[in-house]
Structures are given as structure tokens and as C-alpha cells.
Amino acid sequence: GIVARALSAVDQIDRSGLSQHDAVSCAVLHESLSNSLAGARFGWGSFGFGPPQPYTVTQLSGSYIQTPTFLDTNHPIRTTTDVEYYLARLSSYADRLDQESKRIAEDAKQGIVPPDFVLDGTIAQLKGFASKAAVDTILVQSLKRRIAGVPGMDAKQAESKISAAIKLVSQKILPAYSRQADALRALREKSGHDAGIWRVKNGDQFYATALRAWTTSSLSPDQIHKMGLDLVRDINAQMLAVLDARGPKGGTLSDRIGALSADPAQLYANTDSGRDQLLKDLNSQIVALQPYLSANFGTLAKAKLEIRRVPAYREAGAPGGYYESGALDGSRPGYYYINLRNTAEWPRFALPTLTYHEGEPGHHWQISIAQEAEELHLVRKALISFSGYTEGWGLYAEQLADEMGVYHDNPLGRLGYLQSAAFRAARLVVDTGMHAMRWSREKSIDYMVEATGNPRTRMTTEVERYSAWPGQACAYMVGRETIRSLRDDAKTKLGAKFDIKSFHDLVLRNGAVPLAVLNSIVKTWLDAQMAQMPAAARPKS
């Protein structure tokens, strides 16, 4: 196939005469194409230039989620041509949904059926969207909200275009949503409750492939499971120390975190005004962070960051927070979304570290700097990514915020950071537990609650996410530990000559790369730095 031919062509390139950037580009393409080819060999699921996913449509993925988000957030409505393109995409959207429904049925013939709870969540979201009047859907409301300012389009013309959108949504798109819900509902009797991918044909091999692609590491499920257990043990001890210092002592970690999370002083009102205040506070945290960034980064991101609530139509199955990158030309800011379906899931002490992960110096910082790096090829700026690196950086950013001193007068904020770290470490345990060790959904939820103290409702959503995306949850901590280890090694070898700004610029300006490639990049830089030092000045490692 085309992917195999492309991989062969990349591997035939003589890298000895290439610049470092071009050699890295070859390694990046090799990894991405290899992952795609490895996923395609199973003959089912969803795969592309990245890790394979076993199910075409879930509570987290599928056109029914991605297309409305794209049209509302990324599709411009600035000219009459933009409006025509918007309507053209609406016109073809139903076909895309039906193509996915066909793939759902084809995969089911091979026994590839999501667990019952994944089906239930997905069906509920599809039905929720399909039950709306066409004019009330985001597909129409987004156009209606933005078309008024389009030059050269009067009110009558705008109304005509809105009517055309309503007709397309009513007659084509909503029926396709219902057909997709019916296609999934037909699988409900064939599904089971087991959460792990081990239960399907070649499931163990699929998990090994997905784990390798998501983490870009060669760690086995057993090794990752042990890493998670060790980290949770260490982080939980730090959390208890913070709680003991605050007092009173006694009780389980889960109970004590639960009591703190329920403290009215930690809660925002679960109302629109409460949500508005929460978003305002997040923006204030970003402003307060800026002096720390300039002290730790040589390259500063230019792109603006906008913090938004997860749209109501997808908040039920969406994660707690996520990031969507801005436009390459700078015309659109980056968006950090937070799920505010229930503000009780976000007590005040837990909020800063999510902002540092999704916003600055996390995903917004990392992705924007790569997009703005003139030396990077477009493919590496925007088309290829690796979760071991990107999510590893997001988690490293949480740790970095702590190291920079943002919690120096906020011990509960630091507790929130530690809780987040425990949450990511527990993911290693649960993801490998479900998919390699046959843990149940319920056992996984119990472990997540015990290890983090997070609400059971939130941990249920998380565990169901890991079930639908085998291996993805492991990318975060595996990546963080790799970046942290590379930095600590450089600090040991360079001693006083180590410059944190240079290290961060090196990691970020090369864009998203596999972790093995990042290791090579840092080693080359480190060797060059050490070569410039007198032998007597080099610290003993």
C-alpha cells in the first residue's frame, strides 16, 4: 500500500549527508509511517499517521464529535466563500457519518465490538445531538452567530444561507446521527462488560502495538505497570505529608482528599455565574505565571491562549481538560478547554496544575513554539505528533511549575499538583491492568479513586476513556519521566554550565518527536556542550 511504499522511500534516504533537522525529519516520518503500517495490519479499527485505535466511533472519537468542533472552532466565516465552504461541508457530513456506520458493521463481523459501557455512552451522546431541533444544533448556531459580520452579505442573503444550513441538518445530518446510533444499538447485545482489548481477536498484539505507538518507547506492559505502582506509592506519601502538615491527621488518603474537595471554600457554584468565575480565575493564573516563564525559557510563545468551557453537547463523555492548537498563521489562538459539567469536579486547589498542563507552559506553549519555529518543516509543525512527547511535556510542565516556585505560598495548590501526578501515575497501572492483566472496569475505578482521591464520577469517565483508547493514557508519565531523566542527566554532566533556558529551547524548538529521537537530540547537544568545557571543569557523573 501507499504507506508501505512511503516508509520504504524514507528508509532508502542516505542520512549521512543530511543536516540535523533533516535527519530528525526522516526519523519522525519513519516512526509515524511505521505506527500507521503496524495498525493497518490488523484490518480493523481506526488508524492513520499515529497510534491505532480499536473502535471507529466511541464516546471520545468519531465524526459526530470532531466535525461539529472543527466547524465551530476552526472553520472561518469571514467571507461569502467561507460560507459556501461551510455549507458544502455540511452537505457531505452525512455521508461521512454513514461511512463510519458501515465500518462499525464491518468491524463487528470480525468481533470488534466496544464494551457495553462504551456503547452506552456513545449512543447517549449521538441521541442527545439527534434529538435537537436543527436550528438549535451547534452546526446551525455557529453559522448564525458568525454570518452577520460577513462583508457583502445582507440580512436577506444571510437568512437564506441559514435556512439552507437548517435544511441540510434537518434532512441529511440528523437522520445520519440516528442511523449511527441505531448501528451501535444493534451491537449492544453482542457486546460484553470486559474493559480490556485482550478480549478481541489479536487483542494482546494490538495492545502491544498501540502501547508502542502511544508512548514511542519499548517498555513492556509489566514494566509500565511497575513504574506506575512505584510512582503512586511515592507521590501518595508526599500528598499525605502535605495533608498532615495542614491537619488533622488520620484517615485514608482518598477520604481526606474527598473531604477537602467537598469543603465549600474550595468549590465554585455549579451555576453559569460560578463557571464564569472559575474561567476568570484560570485566566488570572496565566497572567501570574508570566514572570516565571521568562525566567525559564529563552523562546517565548507568541500565540495567544483562550480558555473555554467544553461545549455542552460533548461534555458528558469528554475528559476533564484538553487543548486545541491555534492556526499556523496566528489568525486563531490556541484553546484550552475545561469540562464544567459539574464544578464540584474542580475544587480550587486542583485548578492551577490543569492550567499549567493544558495552557502554559504545557501544550499551548509547546505546540505554539513548534508552530512558530521557522526551521521546522510543515509536516513537523502541524501534521505529525507523538503523545509520548506531547503529553510527556504537558506533565513535565506541571512538575516544572512546582519547581519554578508557583506554589511557594500555596501548599494546597501543590497538593493539587501532587494529586494530578498521582492521577497520571495511576493511569499506568490501570491502562496496563485492564488491557494486559484483565482488570475489570470496576477494579480500575476503585484503584483510581484510592490512588488519587478524585470523585468516582470523574474516575469512571477516565477509566472508560482508557478502555476505548488502549495505551493512550500511558504516554503522559512515560514521556515525563523521559524528559526529566534527560534534563537531570544534563545537569549532572554540565554542572554550573547547565542552562535551563537552552535545554527547554532544545526540547521545544525541535517539535514533537519520538522519545528515542529526543534522547538522540539531547545527547548530541550535550556532547557538544561538554566538548567546549575544559576536561578539569567537567563534573564527575
Side-chain angles (χ1 to χ4, degrees), residues 1-56 61-63 66 99-100 103 107 112 197 202-220 325 328 366-367 370-371 373 375-393 469-476 478-479 482 507-524:
I2 187 172
V3 174
R5 292 195 299 272
L7 179 59
S8 177
V10 168
D11 288 345
Q12 289 175 28
I13 295 173
D14 180 4
R15 303 185 193 182
S16 60
L18 297 180
S19 67
Q20 182 182 6
H21 271 296
D22 287 343
V24 170
S25 294
C26 283
V28 165
L29 287 169
H30 172 87
E31 181 83 11
S32 182
L33 292 166
S34 296
N35 289 339
S36 179
L37 192 61
R41 289 187 177 122
F42 289 92
W44 44 265
S46 178
F47 50 87
F49 288 105
Q53 298 177 27
Y55 313 119
T56 300
S61 58
S63 294
Q66 294 151 355
Q99 288 167 3
E100 286 181 336
R103 286 172 55 199
D107 284 353
I112 310 303
I197 197 62
N202 297 323
D204 290 334
Q205 295 93 319
F206 185 93
Y207 185 55
T209 300
L211 197 62
R212 169 71 180 81
W214 282 114
T215 65
T216 65
S217 81
S218 58
L219 294 173
S220 69
S325 59
L328 281 169
Q366 160 236 315
I367 292 172
Q371 288 183 340
E375 64 270 25
L376 287 188
H377 190 281
L378 176 64
V379 169
R380 289 173 60 193
K381 286 186 182 207
L383 301 181
I384 294 179
S385 186
F386 300 95
S387 288
Y389 171 93
T390 57
E391 298 299 355
W393 176 267
W469 284 353
Q472 191 268 350
C474 296
Y476 299 69
V478 170
T482 299
V507 172
L508 292 175
R509 291 186 67 88
N510 274 283
V513 295
L515 294 179
V517 175
L518 180 63
N519 183 78
S520 177
I521 290 170
V522 174
K523 183 180 185 303
T524 299

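When reading the values below, keep in mind they use all heavy atoms of this one structure, side chains included, and skip hydrogens, waters and symmetry mates.
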Can a side-chain donor-acceptor contact be found between S63 and E100 if the only test is distance below 3.5 angstrom? yes

Can you tell me how far [atom2] of [Y] sits from [atom1] of [X], rounded to the nearest 0.5 angstrom?
X	Y	atom1	atom2	answer
D22	H377	CG	NE2	9.0 Å
Q53	F206	CD	CZ	8.0 Å
Q99	T56	CD	OG1	11.5 Å
L33	R5	CG	CZ	12.0 Å

Which pairs with one or both residues in residues 507-523 pass salt bridge (Lys or Arg N to Asp or Glu O under 4.0 Å), sequence neighbours excluded? E375-R509, K523-D527

Backbone of W44 reached by a side-chain donor or acceptor of D107 within 3.5 Å: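 Looks like no, no N/O pair under 3.5 Å.
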
Quick check: does any side chain N or O of S8 sit under 3.5 Å from a backbone N or O of A4, one acting as donor and the other as acceptor? no

Run the side-chain donor-acceptor check on residues 381-390: report pairs under 3.5 Å with partners two or more places apart or on a different chain.
| unit_1 | atom_1 | unit_2 | atom_2 | d |
| --- | --- | --- | --- | --- |
| K381 | NZ | Q371 | O | 3.1 |
| K381 | NZ | A373 | O | 3.1 |
| Y389 | OH | V507 | O | 2.7 |
| T390 | OG1 | F386 | O | 3.2 |

Between T482 and N519, does a side chain to side chain contact (heavy atoms under 4.5 Å, CB included) hold up when you go through it step by step? CA-CA 8 Å; T482 299; N519 183 78; 5.7 Å; no

Check whether any side-chain heavy atom of [X] lies under 4.5 Å from a side-chain heavy atom of [Y], and answer yes or no.
X	Y	result
L515	T215	no
Q472	P51	no
S46	Y55	no
C474	L211	yes

Apply side-chain contact (heavy atoms from CB on, under 4.5 Å) to R380 and list each qualifying residue two or more places apart in sequence or on a separate chain.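 So R380 forms a side-chain contact (heavy atoms from CB on, under 4.5 Å) with H21, V24, S25, V28, L376, N510, V513.
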
Non-neighbouring partners of Q205 that pass side-chain contact (heavy atoms from CB on, under 4.5 Å), sequence neighbours left out: F42, N202

Only one of V10, V517, T216 passes side-chain contact (heavy atoms from CB on, under 4.5 Å) with E31, and that residue is T216

Non-neighbouring partners of Y207 that pass ring-ring contact (aromatic ring centres under 6.0 Å, His included), sequence neighbours left out: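 H435.
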
Under the ring-ring contact (aromatic ring centres under 6.0 Å, His included) rule, collect the residues that match up with W214, sequence neighbours excluded.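 With neighbours one apart ignored, the set is empty.
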
Taking all non-hydrogen atoms of both residues, which atom of [X] and which atom of [Y] are closest, and how far apart?
X	Y	answer
R15	A23	NH1-O, 4.4 Å
S34	L7	OG-CD1, 3.7 Å
P54	I112	O-CG2, 3.4 Å

Using side chain to side chain contact (heavy atoms under 4.5 Å, CB included), reason through S61 and Q66 one step at a time and then give a plain yes or no. CA-CA 7 Å; S61 58; Q66 294 151 355; 4.1 Å; yes

Counting only heavy atoms from other residues, nucleotides and ligands, does the tally under 6.0 Å from CG of L378 exceed 12?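 It does: L378 CG has more than 12 such atoms within range.
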
